[in-house]
Amino acid sequence: PPPGYQYPPQQPYGAAPQHSPWGEYASWWSRVGAQLLDGLITTVIFIGPLIAGIVLAVKDLEYNSFTDEYEGTVNGSGVLIAVVAGLLYFAFDLWNRGIRVGTKGQSLGKQVVGIRVAKDVDGQLLGAGTGFLRWLVAIAAGIVPFGSLLDVLWPLWDDKKQTLHDKVIGSVSLRK
């Protein structure tokens with residue numbers, strides 16, 4: 001280097017990088033906030049129809065304290081409303097956290113908090129299919145005991161602040 005050249009400051013030994021070539025990694029708190037917002041949005045949209053369906057389904061049942069059982073018939077249209085609401089909840093979550101993340105880089109919650117998901121190798125969008133797989137891996141983590149907890153906490157000690165489902169897919173969450 002020429003005389004008087006100032007070397008850029010180095011991070012302490014073992015310090016995690018805060019940036020990828022595509023931008024600054026999203027903080028753990030912003031990711032948790034986005035997850036909570038996504039869950040809240042989905043729940044608010046579908047909780048009304050689900051509750052209405054359940055209430056309609058059981059409105060004609062009466063409790064018999066002598067036999068300790070409910071008697072009467074379950075309303076089929078109420079069951080249908082509840083099932084459709086549950087399916088729509090599932091479909092909306094798949095679209096928001098899977099397909100939309102793959103095609104736009106953001107779920108609704110991520111959009112609000114200002115983070116995006118991109119491929120780790122080139123910073124590009126994942127695509128609908130990979131977004132779907134990322135969503136599916138995150139759902140599958142919930143089947144394993146403590147899998148969801150470990151998946152959510154993983155960015156706290158990961159150099160790239162990736163969840164386990166990010167690592168499987170090869171994605172990173174970045175500040176927008």
Side-chain angles (χ1 to χ4, degrees), residues 26-119 125-156 161-173 176:
S27 73
W28 183 78
W29 284 108
S30 64
R31 294 186 72 163
V32 168
Q35 281 287 86
L36 290 173
L37 281 172
D38 284 330
L40 182 64
I41 290 166
T42 307
T43 300
V44 165
I45 291 172
F46 295 105
I47 196 74
L50 181 64
I51 291 172
I54 292 170
V55 168
L56 184 61
V58 300
K59 71 177 179 67
D60 293 331
L61 295 180
E62 292 184 17
Y63 180 70
N64 183 332
S65 59
F66 182 71
T67 62
D68 196 31
E69 295 178 349
Y70 285 93
E71 298 173 346
T73 58
V74 174
N75 185 317
S77 60
V79 172
L80 180 63
I81 291 169
V83 168
V84 168
L87 291 173
L88 288 174
Y89 178 97
F90 176 78
F92 181 82
D93 191 59
L94 167 60
W95 169 79
N96 184 42
R97 296 189 211 201
I99 307 302
R100 190 170 197 275
V101 166
T103 58
K104 295 190 181 289
Q106 298 177 305
S107 65
L108 296 173
K110 285 176 176 44
Q111 184 176 349
V112 169
V113 300
I115 60 178
R116 67 183 178 92
V117 176
K119 292 180 189 174
L125 293 173
L126 301 176
T130 305
F132 167 74
L133 288 174
R134 182 178 182 272
W135 174 83
L136 197 59
V137 171
I139 296 294
I143 296 170
V144 177
F146 301 104
S148 286
L149 181 63
L150 189 59
D151 187 41
V152 168
L153 294 178
W154 201 269
L156 289 172
K161 299 185 180 181
Q162 291 174 296
T163 59
L164 294 175
H165 65 269
D166 283 324
K167 289 190 167 299
V168 169
I169 298 302
S171 60
V172 289
S173 287
K176 186 123 167 82

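Bear in mind the structure is a predicted one, so any value in this text is a computation, not a measurement.
Under the salt bridge (charged side-chain N to carboxylate O under 4.0 Å, His left out) criterion, Asp93 pairs with Arg97, sequence neighbours left out. For Lys167, the salt bridge (charged side-chain N to carboxylate O under 4.0 Å, His left out) partners are Asp158, not counting sequence neighbours.
You'll find the side chain of Gln106 reaches within 4.5 Å of the side chain of Arg100, heavy atoms only. Side-chain atoms of Asn96 and Ile41, non-hydrogen and from C-beta on, never get closer than 4.5 Å to each other. No side-chain heavy atom of Trp135 sits under 4.5 Å from any side-chain heavy atom of Ile99. Put simply, the side chain of Leu88 does not reach to within 4.5 Å of the side chain of Phe92, judged on heavy atoms. Using a 4.5 Å heavy-atom threshold, the side chains of Glu71 and Leu61 count as separate. Contact check for Tyr89 versus Thr43: side-chain heavy atoms found under the 4.5 Å cut-off. Within the 4.5 Å cutoff, the side chain of Asp38 has heavy atoms near those of the Gln35 side chain.
In plain terms, the two heavy atoms of Gln162 and Ser171 that are nearest each other are NE2-O, 2.8 Å.
Shown here is Tyr63, whose OH atom has more than 12 heavy atoms of other residues, nucleotides or ligands within 6.0 Å.
No side-chain donor from either of Ser148 and Asp151 sits under 3.5 Å from a side-chain acceptor of the other.
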